[in-house]
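Just so it is clear, the values below take in all heavy atoms, side chains as well, and ignore hydrogens, waters and symmetry mates. Residue numbers begin at 1 in each chain, while the letters A, B, ... track the order of the sequences.
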Amino acid sequence: MLLKKLTEAMGPSGYENEIRNVIRSEVTLSHNHIFTDVLGNLFVQQNQDTQGPHIMIDAHMDEIGLMIVHVEENGLLRFRPIGGIDPRVLVSKPVVIGDSKHFGVIGSKPIHLQKPEERRQPLGWDQLYIDIGASSKEDALSVVQPGDVAVFATTYGEMGERAAKAKSFDDRVGCALLVETMQKEWQLRLSGVFAVQEEVGLRGATAAAYRLKPDIAIALEGTVCFDVVDAPAHNQATQLGKGPALTLQDGLTLPDRRFTEFMIATAEKYNIPWQYRRVKGGSNDYGAIQKAREGVIGGAISVPVRYIHAPAQIISLEDYQAALQLLTAILTEIQEGRWHS
Amino acid sequence: MKHVDTLIRLLEEHGGPGFEEEVAKIVESAMRTYTSKIERDTLGNLIATVEGQSSGRRPRVLLSAHMDEIALMVSLIDKGGFLRVAQTGGFDPRTLVGQEVVVHGKNKRWHGIIGSKPPHLQAPDEQKKAAPLEDLFIDLAMPEERVRSEIRVGDRVTLHRSVMPLLHHHYSGKSLDNRTSVAVILECLEALKKYHHQADVIAVASVQEEVGVRGATTVGYGQAPDVAIAIDVTFADMPGQASDFSYKIGKGPAIAKGPNIHPKVFQDLSEAAKANNIDYQLELSQGPTGTDGRAFQITREGIATGLVGIAIRYMHTSVETGSYQDIVDCGKVLAEYIAQLTWERVEDYSCY
């Protein structure tokens, strides 16, 4: 199960070894040319000698995570976030640490010993720590070192009606779409990029786009979805189950309107549900790619993710399938020469 | 460490106050190793009796570990099919944000997630506020009509958490409060096989402790033992906690002392630990404890009450953490205590 494999693999920004290896094993096929660059981006290419537009499809493989920064005398581990994490979602959650995958838990004071006003005060970074069961600093250091990284221990599972939960749908859902795309053989000059370090500033995609000089770029992203009870309309960026989201404007991009219209027309032609991403904040790797060298036309296809950046995130499997259909349709249209800038 | 697997099954099973049935099944099958005399009372307490051997009158000692865990109850199916909940047992709402839960619906269990607002949409000062329980909601990832057909107000909700082994036989998960104490009873019965004991042992997995020691109230009355020992977890040390609520994990069971505890039961339990060279920790309480012992002491004409248990961290969260070695040691202390108990000693408990 591809989504399970990808979401359960570890890979905070700058520490993408495990997820990169998982992805590489999925796309190592005779029709793909595979290499990595100095940042750790994984490139998967087809038909580089073919005429026609060079298409770059990007999905970032890094996820938000935690870095162990200090071990206390009592054996408890202090940590800081890698990427944007609300510390309020960490309390009472398990993590797995480092290559050895030791379990750790982020505990909090028992409710019995709290004053009522304490319950209204969120716990900040300075009050949180990871407990691995170590009895002392020395004991802890025998299995964990400062600089080791940790990710949520959440497992993948299907739930509700055609939905699934896991950690890191942002952006393993994009990685899964790109893996499935690159497993097919296209008659296009196609470069798939599994990028590093999106969560700390779109850094992998910046170097990758410079290297590739693509004519068209599409970022595949897991995006904000907050269509829940009491959420104000202006927070309802996307709606679960309403199809992949396309961007008119976000924090970093005003994608070329012609390409956006082309993606919409393709969705309509193939009867694929789609929606607009209706918040201006946030962005994705296309924000970096569009500014590479002289500039790159393109956009993003985003799968709505509820509780993005939290330990347990939700996607609709229908949205995933629709996103895959849309990407396939767009590539087919380009392959058949129906994209003209 | 005979019952590690049973403990893990118990921790991963679900059963809050008033719906302990599935947990009781696991306890019952584990108890069958030691006795066939197993019964349930009206409230649902599971009562297993292991008889002692004596030509004279046999003392009756009741061991009680509550098997219920803190839970939530569906109070409203809100717009969009999101569930609102009320407490049945004390949660810190801060620990529930982003938590995976199990909703016990009409026909089956459903996986749910307690929602959180993504940082991308938060105003700068939002992280300074913690949401109260009323503001939290459970997401079942189903359309509203489907939720309404599957879930009823009053359905129960428990935490989802797989057990995680940590270093040194430490385990972390949900409901270590108080299923580690059920494991203590099982380890006690295992250790007791080596002894000749006069006392009848009434091993109880009690219900509804988390909402006010209700199971203990009826099982104490129903069994009317000579001695009742509650087994319940206590607080392990963590930064920022008072020193007398900071017991050490891995340093042996806590034996309680204070007005709720019969002084001679305390004395006998301490001596049982010493006789087996088991380290123990002194747990001091200043009034009725928050355990089954609270009810036992004033049941019928009064019952000589003791309290032991292991120390766990992060009580009432989904990452409660404790040591299996402490469970084994606590079981051994109880076995030694039971083996030494005579009718004469029980009579002495009323002589001041």
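Comparing B/Ala242, B/Gly80, B/Gly173, B/Ser318 by heavy-atom pairs within less than 4.5 Å of chain A, the highest count is held by B/Ser318. Ranked by heavy-atom pairs under 4.5 Å with chain B, the first of A/Pro122, A/Gly124, A/Pro110 is A/Pro122. Note on A/Asp230, A/Val91, A/Val229: by heavy-atom pairs under 4.5 Å with chain B, the leading option is A/Val229. Among the candidates A/His102, A/Arg162, A/Glu118, A/His234, the residue making the largest number of heavy-atom pairs closer than 4.5 Å to chain B is A/Glu118. Chain B forms the most heavy-atom pairs under 4.5 Å with one residue out of A/Arg119, A/Arg120, A/Met159, A/Arg88, and that residue is A/Arg88. Chosen from B/His170, B/Met315, B/Met164, the residue pairing most often with chain A at heavy-atom distances under 4.5 Å is B/Met164. Listed options B/Arg146, B/Glu150, B/His160 were ranked by heavy-atom pairs under 4.5 angstrom with chain A; first place goes to B/Arg146. Highest contact tally toward chain A, considering only B/Ser323, B/Gly81, B/Pro165, B/Gly290, is held by B/Pro165 [criterion: heavy-atom pairs under 4.5 Å]. Note: A/Lys165 leads A/Lys165, A/Glu158, A/Lys109 in heavy-atom pairs under 4.5 Å with chain B. Listed options B/Lys128, B/His316, B/His169, B/Lys79 were ranked by heavy-atom pairs under 4.5 angstrom with chain A; first place goes to B/His316. The candidate from A/His309, A/His112, A/Gln313, A/Gln127 with the greatest count of non-hydrogen atom pairs under 4.5 Å with chain B is A/His112. Contact count versus chain A (heavy atoms, under 4.5 Å) is highest, among B/Pro143, B/Pro93, B/Gly240, for B/Pro143.
Contact record, B/Asp68 with B/Glu210: OD2-N, 2.9 Å, taken as the closest heavy-atom pair.
A/Asp131 touches chain B through backbone and side chain together, each having a heavy atom under 4.5 Å away. Residue A/Val143 touches chain B through its side chain alone, counting heavy-atom pairs closer than 4.5 Å. Heavy atoms of B/His111 lying under 4.5 Å from chain A belong to its backbone as well as its side chain. B/Arg313 touches chain A through its side chain: at least one heavy atom from C-beta onward sits under 4.5 Å away, while N, CA, C and O do not. Interface remark: A/Arg306 contributes side-chain atoms only to the contact with chain B (heavy atom separation under 4.5 Å). Proximity to chain A (any heavy atom under 4.5 Å) is restricted, for B/Ser172, to the side chain, taken from C-beta onward. When heavy atoms are compared at a cutoff of 4.5 Å, A/Leu113 approaches chain B solely by way of its side chain, counted from C-beta outward. Residue contact with chain A, scored on non-hydrogen atoms closer than 4.5 Å, involves the backbone and the side chain of B/Gln127 alike. Only the backbone of B/Leu140 has a heavy atom closer than 4.5 Å to any heavy atom of chain A. Neither the backbone nor the side chain of A/Glu72 comes within contact range of chain B, judged by heavy atoms closer than 4.5 Å. Only the side chain of B/Pro132 comes within contact range of chain A, judged by heavy atoms closer than 4.5 Å. Heavy atoms closer than 4.5 Å to chain B are found in the side chain of A/Val279, but not in its backbone. Neither the backbone nor the side chain of B/Tyr171 comes within contact range of chain A, judged by heavy atoms closer than 4.5 Å. Only the side chain of A/Leu76 comes within contact range of chain B, judged by heavy atoms closer than 4.5 Å. Residue B/Thr95 touches chain A through both its backbone and its side chain, counting heavy-atom pairs closer than 4.5 Å. Proximity to chain B is limited to the side chain of A/Val224, based on heavy atoms less than 4.5 angstrom apart.
Test B/Gln208, B/Arg179, B/Glu209 against B/His66 for side-chain hydrogen bond (donor to acceptor under 3.5 Å, both in side chains) and you get one pass: B/Glu209. Each of B/Glu12, B/Glu69, B/Glu13 was compared with B/Lys174 under the salt bridge (Lys or Arg N to Asp or Glu O under 4.0 Å) criterion, and only B/Glu69 meets it.
In the displayed structure, A/Lys242 atom NZ is contacted under 6.0 Å by at most 12 heavy atoms of other residues, nucleotides or ligands. The local environment of NE2 in B/His168 is crowded, with over 12 non-hydrogen atoms from other residues, nucleotides or ligands closer than 6.0 Å. Around the CZ atom of A/Arg80, the shell of radius 6.0 Å holds no more than 12 heavy atoms that belong to other residues, nucleotides or ligands. Summarising the local packing, CZ of A/Arg278 is surrounded by more than 12 heavy atoms from other residues, nucleotides or ligands at distances under 6.0 Å. Annotation: B/Asp135, atom CG; neighbour count of heavy atoms from other residues, nucleotides and ligands within 6.0 Å is above 12.
For B/Gln122 and A/Asp86, the side-chain atoms include at least one donor-acceptor pair closer than 3.5 Å. Side chain to side chain, A/Glu221 and A/His60 meet the donor-acceptor criterion of an N or O pair below 3.5 Å. For the residue pair A/Arg277 and A/Ser302, no side-chain donor N or O sits within less than 3.5 Å of a side-chain acceptor on the partner. A/Ser283 and A/Asp250 form a side-chain donor-acceptor contact under 3.5 Å, judged by distance and modelled atom types alone. Under the 3.5 Å distance criterion, with hydrogens and angles disregarded, a donor-acceptor pair is assigned to the side chains of B/Thr158 and B/His104. For the residue pair A/Gln114 and B/Asp92, a side-chain donor N or O sits within less than 3.5 Å of a side-chain acceptor on the partner.
Interatomic distance, OH of A/Tyr286 versus CG of A/Leu202, reported as 13.0 Å (0.5 Å rounding).
Taking 4.0 Å as the cut-off between side-chain N and carboxylate O, B/Asp237 and B/Lys248 count as a salt-bridged pair.
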